[in-house]
Every structure is written in C-alpha cells, then in structure tokens.
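One-based numbering along the sequence shown.
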Amino acid sequence: MKKVLATLFILLLVVGSTNAQSKNYLGAGLDIGMASGDVADVFDYSTGIGASARYEMSLSPNMSGYVSVGYISWSGDLKSVQFSYETGELEPSTVSTTLGAVVVMAGGKYYFAPAIYGVAEVGYTSFSLSVDGGGSAASIDSKLGFGAGAGYEIPMGKVILDLSAMYKLAAEDLNYIDIRAGVKFGI
C-alpha cells in the first residue's frame, strides 16, 4: 500500500511539473466524522473529530489531484454484562473506549462549475483502539480505504475556503461521513 501511495504522489508531482499552468496548494482542515456500521453501534460511537493536511495540484482546468494525511478520533462506551462471583448475578458493565484513525489518501477533484466539485479518493487507514476500565489495551489494524463526495470552494483573497462532505469506506464494519472545513493557499 505504501508503494501505491508513493507512486500516486510521484505521479502528481511529475504531472504538475510538466504542466506550465499548474497551480499548487497547501491546505489544512478540521474533520468531523459521523460513524456508521456495526463497530459504531457496538461501541456507541457517534461523532468524531480530527484534522487533516493536504497538498493539491491542478491537473487541468477542471481537474486537480491531491494527497492528504489526517487523524480522527471517536470516543464511546462498550456496554456489556458481567457475572459477579460475589453476588452470583449478572451485572451491567460499561467500558470507555477510544478509536483513532490515521488516514492517508490520494484523490482527485472534478469541477462541474468553478466552485463546485465531485471528489473520489483511495488510500490507507490505520486504526488503533484503546480500552479503559481497570486497565488499558491497544490494538492496531490497517485497511484500504475509499471515499466519494462533493465540495464547494469559496475564494477569500489569497486563501480559499474548502468545504466538503464524503462517505468514507474505511473498514468492513466502520465507515463514516466525513465533513471537512479547510483552507488552502497557493504555493
């Protein structure tokens, strides 16, 4: 997977350097992730928060490509039932959990109008789960991820406000709607 992302990044750099009219941008954004899927239900995850950084390059008047890296985190409670040897009865139990995801993506935007675009991306998502409640544990899993959505850009002088919403398929049992508010500026 690392080779695929490195190849996509190099391809973006080569295409951008051969296009004399290309525009390059750096950007950062705040991400809100609304979790869905079985994992979100079991761990009672709803809304996560994170941040991302992006390098974007125009490939043609209607297309641009980008690479991005970000982190998003959800917190929730795992509700279970435990048997108490002292009372001989089942007792409800709650364990606090935090799910974090490092997201590395390469994607493309297609502009339907000067400020409205569709977006698709592919990349790598690395999950870590920490469990609190008498002890702490962590596990890490990595998955191929995909995303598709739409966005709107608002020029504000030398900075462009970039608003987007995407549905991200990050794992078999945890997917999320990513709402991103970012800024980008030309370099």
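Under the 4.5 Å side-chain contact rule for hydrophobic residues, I187 and M156 do not share a cluster. The same ILVMFWY cluster, assembled from side-chain heavy atoms under 4.5 Å apart, contains both M57 and L26. Residues W74 and L129 fall within the same hydrophobic cluster, defined by Ile, Leu, Val, Met, Phe, Trp and Tyr side chains chained together at heavy-atom separations under 4.5 Å. Note: the hydrophobic cluster containing Y176 also contains F127 (ILVMFWY, side chain heavy atoms under 4.5 Å, direct or indirect links). Cluster membership for L161 and Y152, using ILVMFWY side-chain heavy atoms within less than 4.5 angstrom, is shared.
Atoms CG and CD1, on D178 and I72 in that order, are 5.5 Å from each other to the nearest 0.5 Å.
Between Y111 and P61 there is no side-chain heavy-atom pair separated by less than 4.5 Å. Inter-residue side-chain proximity for S58 and M63 is flagged as unmet; no heavy-atom pair is nearer than 4.5 Å. No side-chain heavy atom of V103 sits less than 4.5 Å from a side-chain heavy atom of Y71. For the pair V122/L144, a side-chain contact is recorded, criterion being any heavy-atom separation below 4.5 Å from C-beta on. Counting heavy atoms from C-beta on, the side chains of Y124 and S142 come closer than 4.5 Å.
Contact between S52 and D31 at its shortest, heavy atoms only, is OG-OD1, 2.8 Å. Contact between S64 and E56 at its shortest, heavy atoms only, is OG-OE2, 3.1 Å.
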| task | Apply the test side chain to side chain contact (heavy atoms under 4.5 Å, CB included) to residues T97 and S75: give CA-CA distance (whole Å), side-chain angles for both, the deciding distance (0.1 Å), then the verdict. | result | CA-CA 6 Å; T97 63; S75 295; over 6 Å; no
| said: With side chain to side chain contact (heavy atoms under 4.5 Å, CB included) as the criterion, how do T125 and V102 come out once you've worked through the C-alpha distance, each side chain's angles and the decisive distance to 0.1 Å? | reply: CA-CA 6 Å; T125 305; V102 174; over 6 Å; no
| said: Let's go through I179 and M34 carefully: what are the C-alpha distance in whole Å and the side-chain angles of both, what is the deciding distance for side chain to side chain contact (heavy atoms under 4.5 Å, CB included) to 0.1 Å, and is it a yes or a no? | reply: CA-CA 8 Å; I179 298 172; M34 294 179 285; 3.3 Å; yes
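Not counting sequence neighbours, the partners of L30 by the side chain to side chain contact (heavy atoms under 4.5 Å, CB included) test are I49. Under the side chain to side chain donor-acceptor pair (under 3.5 Å) criterion, S164 pairs with no residue at all, not counting sequence neighbours. Under the rule for a ring pair (Phe, Tyr, Trp, His ring centres under 6.0 Å), F146 has no partner lying at least two apart in sequence or in another chain. Scored by the side chain to side chain contact (heavy atoms under 4.5 Å, CB included) test, V159 finds V183 as partners (sequence neighbours excluded). Y167 is linked by a side chain to side chain donor-acceptor pair (under 3.5 Å) to S36, counting only residues two or more places apart in sequence or in another chain.
Here Y25 sits in one hydrophobic cluster together with I160; the rule is ILVMFWY side chains under 4.5 Å apart, joined directly or through other members.
Remark: of the listed residues E121, M166, R54, E121 is the sole one forming a side chain to side chain contact (heavy atoms under 4.5 Å, CB included) with M105.
Formation of a donor-acceptor pair under 3.5 Å by the N175 side chain with backbone atoms of A170 is found in this model.
Taking the charged nitrogens against the carboxylate oxygens, K109 and E153 do have a contact shorter than 4.0 Å, which makes a salt bridge. Between D162 and K184 there is no salt bridge, since no side-chain nitrogen of the basic residue lies less than 4.0 Å from a carboxylate oxygen of the acidic one.
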